[in-house]
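Note sheet for the following structure.
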Number of protein chains: 2
Amino acid sequence: MKKGHQVTMKEIAKKLGVSVSTVSRALKDSPELHADTKTRIVEMAKSMNYQYNLLAQSLRISRSKVLGVIVPELTSHFFSSNISGIQDTAYKRGYNIMICQSNESFEQEKANVRTLVSSQVDGLLISLSRETKSYEHLQELYDREIPFIMFDRVTEEIPVSKVTVDDAHGAYLVVHHLLEQGFKKIAYFSGPEDLYISKKRKEGYLEALKEFGIPEKESRVYITDLTFEMNRKITLDMLQEQDRPDAIFAMIDPLAVEVMMILKENGVRIPEDIALAGFTNNPTSAVVEPSLTTVSQPGYEMGQLAANHLLDQLDELVSDDPQTFVLLTTLVARNSTKKTPKS
Amino acid sequence: MKKGHQVTMKEIAKKLGVSVSTVSRALKDSPELHADTKTRIVEMAKSMNYQYNLLAQSLRISRSKVLGVIVPELTSHFFSSNISGIQDTAYKRGYNIMICQSNESFEQEKANVRTLVSSQVDGLLISLSRETKSYEHLQELYDREIPFIMFDRVTEEIPVSKVTVDDAHGAYLVVHHLLEQGFKKIAYFSGPEDLYISKKRKEGYLEALKEFGIPEKESRVYITDLTFEMNRKITLDMLQEQDRPDAIFAMIDPLAVEVMMILKENGVRIPEDIALAGFTNNPTSAVVEPSLTTVSQPGYEMGQLAANHLLDQLDELVSDDPQTFVLLTTLVARNSTKKTPKS
DNA sequence: CTGTTAGCGCGTTCAT
DNA sequence: ATGAACGCGCTAACAG
């Protein structure tokens, strides 16, 4: 399909017998212009359906007014909330966003960085893939002074601003809640150990245990790669144990929901036999039976904050010193952790 | 933050004492070039961290290699699946995507179209907002020969390609299933009547009824504006009826899930007292209790198809004649519509 | 083999 | 009050 020709200032100028710069001035309402010519030009532009060419503008001023966004996946509710916050904020401040998904692949993430930089985005908002364990691509951005910040899936290796939630505290909250309800043997179902959130949430888990006098060596950590098969395996294995846990804190809601299904299949009552809690507060968690206790992460607000901070840096409203924003998480106590009278 | 300076061909040229065009030729591996100069240039480019400027390229060739995408909202699972399909496809074919959300607002949608056009996107993929009832903004795109196609939320007023699912057939499938299970008095909980999908799904509903000998005048259609309050109201009103329905087909899953909650609160057993089905197959629907019968829409595939078709048009691999693609939906029968032995 | 010229659409000089 | 010239980064056409 041949793209329909776009009217340019040049054509308007020609039609009216004026110069291009006059048209330019008229269109941006410059004061030093005869009112007549101005109206003539503006009207002609309207009648010719003239549309400003942002690309040319970008080239001229070396600023594209576009932010690049890289997320591991677009379909997770949490990331799409982030993006929604970023998009709304960027839009309000006159920016567009270009979106890539790494699909949790390191190579893809590097490629995404390249194409966004090539596209001359003014800054990037990045949430790292699960595979990302080395950071040369980010270091390069840093060295080349291309503004970017990280959100949610961050690394401390690069000194740029970050926006995260208080993972450790959130985990602490939920485990504390379990202990307070009277559960004693709390398991932590963790994702891969090298994941930032796996570590952080474990910290909170251990801290809550400690507060209730349970030493780390009595902690019960189960590791899964988050595949369905392995989730199932660790759950069933756990059920076989002699001294099995009476409560499970699963690192993320989708894991918790899978565990819930498996427990129910096996006739385990929740919370009577085993209590269960997650993290993220996905929409799903409110509607499962029993409703799932979890920790609410403000995804949309994270996106807003991240975008606003990056734009503030770009507009030099704040200094470039890296800042770390930690958003509060809140406990959402539901039925899956309700202590029943007896037991 | 001042953006770090990007190295240009000009600088490489200067440093090496050659002309810019020579650099250009070397970098795109032109054959008519002395091997030596080529290597010298390529190496210098690498050492200087040269990065190609896509923006300049775009201006030159009047093609940005960017697709614009407008969706009503980013956080719905269905739309984020669409976007995921679009993004993956575009990326594979060397395009980036710029995303806007209309937030279901007509004004916002018009504004989105403007900014994307201004940004010189090569084409647009649009899913209409709920509010959109007039189509001048699309007509203008059409008149100006800016390639675009519509997906999911489409209108037949504009002769461009469209990608939809077979709404009527999907509704037919699920209502047919209900009737086959032995339910007799099937209600249709519909969104606003002027919505395309409200109409289409009603068609399928009526067709299934007809097939089982139920005339249209005995149909039971309840209209809601999809707010929580109104959903609640129509559900409670329905429960008061003398001759109340024994099954409900809700236009979309989120509505179905809300209705499920309300029914359960009121002691109505599902499916024993009233069966319930939805449409979309959101992740949530699989995990509610009872699991929700619904119709599966291939969101990711829709995105892929839409993007591929638009790019095919842009690359002139297919003609510009508008085509309508209708993707198949499939019934996902679950427990919420299981006919119990007795009753 | 390589350099010069010109132009993509725009806006900012600097003239007039 | 308006026009001409220049440059943003890049490449195709034309010269040599």
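Letters A, B, ... mirror the listed sequences (proteins, then strands); counts begin at 1.
Between Lys14(B) atom NZ and dG3(C) atom C1' there is a gap of 17 Å when expressed in whole angstrom units. Regarding Tyr52(A), its OH atom lies at a distance of 13 Å from the P atom of dG9(C), rounded to whole Å. A straight line from NZ of Lys28(A) to P of dG11(C) spans 5 Å, rounded to a whole angstrom. One can place CZ of Arg60(B) at 17 Å from C1' of dC10(C), the figure rounded to the nearest angstrom. Distance, Leu33(A) CG to dT12(C) P: 14 Å, rounded to whole Å. Note: CE (Met9(A)) to P (dC8(C)) measures 14 Å, nearest angstrom. Summarising the geometry, the separation between CZ on Arg25(A) and C1' on dC10(C) is reported as 13 Å, rounded to the nearest angstrom. Straight-line distance from the CG atom of Leu27(B) to the P atom of dT2(C): 14 Å, rounded to whole Å.
Ring-plane geometry between Tyr50(B) and Tyr52(B) is classed as perpendicular, the angle between the planes exceeding 60 degrees on a 0 to 90 degree scale with a lower cut at 30.
Annotation: the span from Arg93(B) atom CZ to Asp88(B) atom CG amounts to 13.5 Å, rounded to 0.5 Å. Expressed to the nearest 0.5 Å, how far CG of Leu141(A) lies from NE2 of His137(A) amounts to 8.0 Å.
Within 4.0 Å (heavy atoms only), Ser58(B) reaches no atom of the nucleic acid at all.
Within 6.0 Å of CZ on Phe325(A) lie more than 12 heavy atoms contributed by other residues, nucleotides or ligands. Within a 6.0 Å sphere centred on CZ of Phe106(B), heavy atoms belonging to other residues, nucleotides or ligands number more than 12. Around atom NZ of Lys133(B), more than 12 heavy atoms belonging to other residues, nucleotides or ligands sit under 6.0 Å away.
Residues Tyr91(B) and Asn112(A) share a closest heavy-atom pair of CE1-OD1, 3.5 Å. When every heavy atom of Lys10(B) is checked against every heavy atom of Val20(B), the shortest pair comes out as CA-CG2, 4.2 Å.
Side-chain contact of His309(B) with Gln304(B): a donor-acceptor pair under 3.5 Å is absent, judged by distance alone.
A heavy-atom distance below 4.0 Å to DNA chain D is reached by none of the residues of residues 38-50 of chain A.
Of all nucleotides listed (dC8(C), dG11(C), dG3(C)), dG3(C) comes nearest to the side chain of Val18(B).
At a cut-off of 3.5 angstrom, the base of dT4(C) holds at least one donor-acceptor pair with the side chain of Ser21(B).
Residue whose closest nucleotide on DNA chain C sits further toward the 5' end, between Gln57(A) and Lys10(A): Lys10(A). Of the two residues near DNA chain C, Ile61(B) and Pro31(B), the one whose nearest nucleotide lies more 5' is Pro31(B).
Bounding nucleotides for the chain B contact on DNA chain D, 5' to 3', at a heavy-atom distance below 4.0 Å, are dC8(D) to dA13(D).
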